[in-house]
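Throughout, protein chains are lettered first and strands after them, A, B, ... in sequence-line order, and every chain is numbered starting at 1.
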Number of protein chains: 2
Amino acid sequence: MARKKSSDETGAGQADDAASSRRGPMREFSRSLPMSLLRAREAVMRQFRPSLRNHGLTEQQWRILRALTAVDEIEVTELARVAFLLGPSLSRILRDLEGRALIERKAAENDARRAVVSISAKGLKLIEAVAPTSEAIYAEITRRYGARKLAELHEMLGVLEASLAGMGSADDAEVEADD
Amino acid sequence: MARKKSSDETGAGQADDAASSRRGPMREFSRSLPMSLLRAREAVMRQFRPSLRNHGLTEQQWRILRALTAVDEIEVTELARVAFLLGPSLSRILRDLEGRALIERKAAENDARRAVVSISAKGLKLIEAVAPTSEAIYAEITRRYGARKLAELHEMLGVLEASLAGMGSADDAEVEADD
DNA sequence: GGGAGATGATTAACATGTTAAGTTATTTCC
DNA sequence: GGAAATAACTTAACATGTTAATCATCTCCC
């Protein structure tokens, strides 16, 4: 179908592309920053998912194994920070990865609350199996978009993140609390 | 706590920041494009979530209502495309929003398969209640990051998305199929 | 006009995101 | 030294992401 064919079926033909001034208490939708970031990220991840899937890995599982490859061992909280996962997600995934013997887990020596995680030989082998394809995809993305531009994008995203760092939770009450 | 205190507790002090050359069959982790995009998006969404939550809306529900505000009515498939949601997610959310009387749904006139959705008066009222806070947050983000830079970022994200548009699924077999 | 295939939408099943509550171990501080 | 506050996970509960399967219509073509 590849083309819209709805707006002239209900007998009015209004608001054909939502780009004009229908009724909107807000700015346009496709201009929203979260949407732009989401769409861009999805466009990128769409390239990687099939390969990961072929190796029985989800994106998040892959992130964790990738992070573990860079260190000897790491505590769960640190891993959550590095792999950018929330605690509960990480807990579930680690349980699964440990069950598949892709990682190993032990208690920290001096603090029984902390768990220390490391990648297993099997996990490393899996990484090495996936890496070539993954790197090839990344290279192709870089080629298409341009290495210079890619670096610039990274930079701008980093600055954005930093810009918003200390922007405390703008609760509704807080925002309307000055009149 | 606000500072790391783990790497010197297990008695070795190695790989303190994972930035050096531990063992890695791949490029560095924090340089990955998906991670940068994810972190940036999260930094942005973190600002909006509390306000939405105060009004009983999730990010996705908000996206849908926002999209519906721009048109009189729209078919589900089109809505999925505009709000950038997969069909199953959209189905569940529409069920919920309809239950809360924030939207209305009817069958298309000439095709009983298609469903046509529109926002209700109650839904519009909700949008109008949330919009001021939401716009204020967006304005603050723009102020901090810079309007020029924000537009530039949008542009670059759009180009990235377009660059990857026709990059067919790089299955493993496909990638290694030329030696 | 009727059946094969395509299409729009939903349901199913599993994995993760998100917030809150619970568990166990540690630290503080009286 | 022990109760209360903290910390590090983990579980729980609910919402969404993701893929596959299902269901109901529609279209096409014989």
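Where Q61(A) and R53(B) each meet DNA chain C at their nearest nucleotide, the meeting point lying more 5' is that of Q61(A). DNA chain D is contacted by both R105(A) and E42(A); R105(A) maps to the nucleotide lying nearer its 5′ end (nearest heavy atom per residue). Comparing L85(A) and R92(B) along DNA chain C, the residue whose closest nucleotide (by nearest heavy atom) sits nearer the 5' end is R92(B).
Checked by atom type and distance alone, the side chain of R63(B) pairs as donor or acceptor with a backbone atom of F84(B) at under 3.5 Å. Y145(A) places a side-chain N or O within donor-acceptor distance of the main-chain N or O of M156(B), the cut-off being under 3.5 Å. Remark: the backbone N or O of P34(A) is paired with a side-chain donor or acceptor of R41(B) at under 3.5 angstrom.
Regarding E98(A), its CD atom lies at a distance of 9 Å from the P atom of dT10(D), rounded to whole Å. Nucleotide dC14(C) holds its P atom 19 Å from the CG atom of L86(B), rounded to whole Å. One interatomic measurement links the two molecules: CZ of F84(A) to C1' of dG17(C), which rounds to 12 Å at whole-angstrom precision. As rounded to whole Å, 17 Å separates atom C1' of dA8(D) from atom NZ of K106(A). Taking atom CZ on R114(B) and atom P on dT27(D), their separation rounds to 8 Å, with Å as the unit. Here the P atom of nucleotide dG17(D) and the CG atom of L57(A) are 22 Å apart, to the nearest Å. Per the geometry, CD belonging to E75(A) stands 8 Å off P belonging to dA8(D), to the nearest Å. Put simply, CG on D111(A) is 12 Å from C1' on dT6(D), counting in whole angstrom units.
Here L90(A) lies out of heavy-atom contact (under 4.0 Å) with every strand. Counting any heavy atom pair closer than 4.0 Å across all strands shown, E59(B) reaches no nucleic acid atom. S91(B) comes within 4.0 angstrom of a nucleotide base, judged by non-hydrogen atoms across all strands.
Phosphate proximity of dG17(C) to S89(A): present, with a side-chain N or O under 4.0 Å from OP1 or OP2. Residue T77(A) places no side-chain N or O under 4.0 Å from the OP1 or OP2 atom of dA7(D). When the side-chain nitrogen and oxygen atoms of Q60(A) are compared with OP1 and OP2 of dG17(C), one or more of them lie within a distance under 4.0 Å. One finds a side-chain N or O of T58(A) lying less than 4.0 angstrom from the OP1 or OP2 phosphate oxygen of dT16(C).
On a pure distance criterion of 3.5 Å, no polar donor-acceptor pair joins the side chain of R113(A) and the base of dT24(C).
Ranking dT10(C), dT11(C), dC26(D) by closeness to the A112(B) side chain, first place goes to dC26(D).
The CG atom of L33(B) sits 6.5 Å away from the CD1 atom of I141(A) when rounded to the nearest 0.5 Å.
In this structure, R81(A) pairs ionically with E78(A), as a charged nitrogen and a carboxylate oxygen lie closer than 4.0 Å.
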